[in-house]
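Count residues from 1 along the sequence. Every heavy atom of this structure was used, including side-chain atoms; hydrogens, water molecules and symmetry mates were not. Ligands are counted one by one from 1 in listed order, and the atoms in each one are counted from 1 as well. From a predicted model like this one, the values you see are computed outputs, not experimental measurements.
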Amino acid sequence: MNASFAEDGAVLRAIALDAERTYPCEGCGIVVQRGRVARAIALANVHAAPERHFEIEPVGLLRALRAAEQEGEVLVAIFHSHPEGRARLSREDLARARMPDGSPAFPGVLQVVVSVRGALARELAVFEPVEAGASSPERIRAWRPPAASAPGRTDGRVRKVRLTPTDASER
Ligand SMILES: [Zn+2]
């Protein structure tokens, strides 16, 4: 499993920023990586009810994957946000991650979920890939922005987010 992007504050910040930018709709995108260098690519959410669901715009996704492949990058994660929701995988998220026969829809690909409240990213969680026959994927990383009283976050509309690890004991 290639999870080194989960240690990369710049990548996590980019994901959190996209979640704030797209609020009150769900933001979504992918993380691609080459060696230990990862980047987040925000993609359009074309679901008919984007406040509660997401569907990555397929042409944009294909283009991004093709461009990444040409750079030698591989898909390592899919991210999306939960406006006014928690940083955990929903039943729908889990169902989406599996094929009808129960096998993983995206083998080896991690999932990132961002909780956004009041247009501010509050928590970001990274989940291990769905495995065939296994139950819910485990959370392998959680990041949380500083308190709302921190400098630069007081007006509720600030675009800059700094995330810090919440639990050093996690892998
Ligand atoms: Zn979700």
Side-chain angles (χ1 to χ4, degrees), residues 1-3 5-33 38-62 64-65 68 74-145 159 161 163 165-167 170-171:
M1 184 197 322
N2 199 341
F5 82 89
E7 309 296 324
D8 188 332
V11 172
L12 300 180
R13 271 197 299 280
I15 294 172
L17 285 171
D18 181 64
E20 298 188 338
R21 183 182 61 81
T22 52
Y23 182 90
C25 295
E26 291 195 12
C28 56
I30 58 174
V31 180
V32 295
Q33 188 165 318
R39 62 190 176 104
I41 304 170
L43 294 163
N45 178 1
V46 292
H47 198 283
E51 298 87 357
R52 290 259 153 232
H53 307 275
F54 81 98
E55 183 184 334
I56 296 178
E57 197 272 303
V59 175
L61 175 60
L62 264 180
L65 288 173
V74 295
L75 175 67
V76 290
I78 297 172
F79 68 83
H80 74 286
S81 62
H82 285 169
E84 306 304 331
R86 296 164 68 182
R88 48 180 272 185
L89 293 168
S90 68
R91 200 176 293 180
E92 181 184 352
D93 295 333
L94 290 169
R96 178 202 299 272
R98 292 186 193 281
M99 302 297 278
D101 69 357
S103 64
F106 309 99
V109 175
L110 291 92
Q111 298 193 70
V112 183
V113 182
V114 189
S115 165
V116 192
R117 296 184 190 275
L120 285 177
R122 304 287 179 165
E123 188 181 9
L124 183 155
V126 181
F127 296 88
E128 66 185 1
V130 166
E131 305 288 352
S135 57
S136 298
E138 264 183 64
R139 190 183 76 175
I140 58 174
R141 188 81 171 150
W143 287 61
R144 201 165 277 171
R159 287 283 160 257
V161 188
L163 299 176
T166 52
D167 186 351
E170 281 178 300
R171 277 176 291 156

| task | Before accepting this row, confirm whether a basic side-chain N of the pair Glu7/Arg141 lies closer than 4.0 Å to the acidic partner's carboxylate O. | result | yes
Kindly say whether the aromatic ring centers of Phe54 and His47 come within a distance under 6.0 Å. no
Q.
I'd like to know whether Glu51 forms a side-chain contact (heavy atoms from CB on, under 4.5 Å) with Glu26, so could you lay out the CA-CA distance, the side-chain angles of the two residues, the decisive distance to 0.1 Å, and finally the verdict.
A. CA-CA 6 Å; Glu51 298 87 357; Glu26 291 195 12; over 6 Å; no
Notebook entry, point to check: So, is His53 placed with an N/O/S atom under 2.8 Å from the Zn ion (ligand 1), counting both backbone and side chain?
Noted result: no
Practice prompt. Tell me, please, if Glu92 has any N/O/S atom, main chain or side chain, under 2.8 Å from the Zn ion (ligand 1)?
Written response: no
The OD2(Asp93)-the Zn ion (ligand 1)-NE2(His80) angle, to 10°, is 100°
query: Any side-chain heavy atom of Ile56 within less than 4.5 Å of one from Ile78?
result: yes
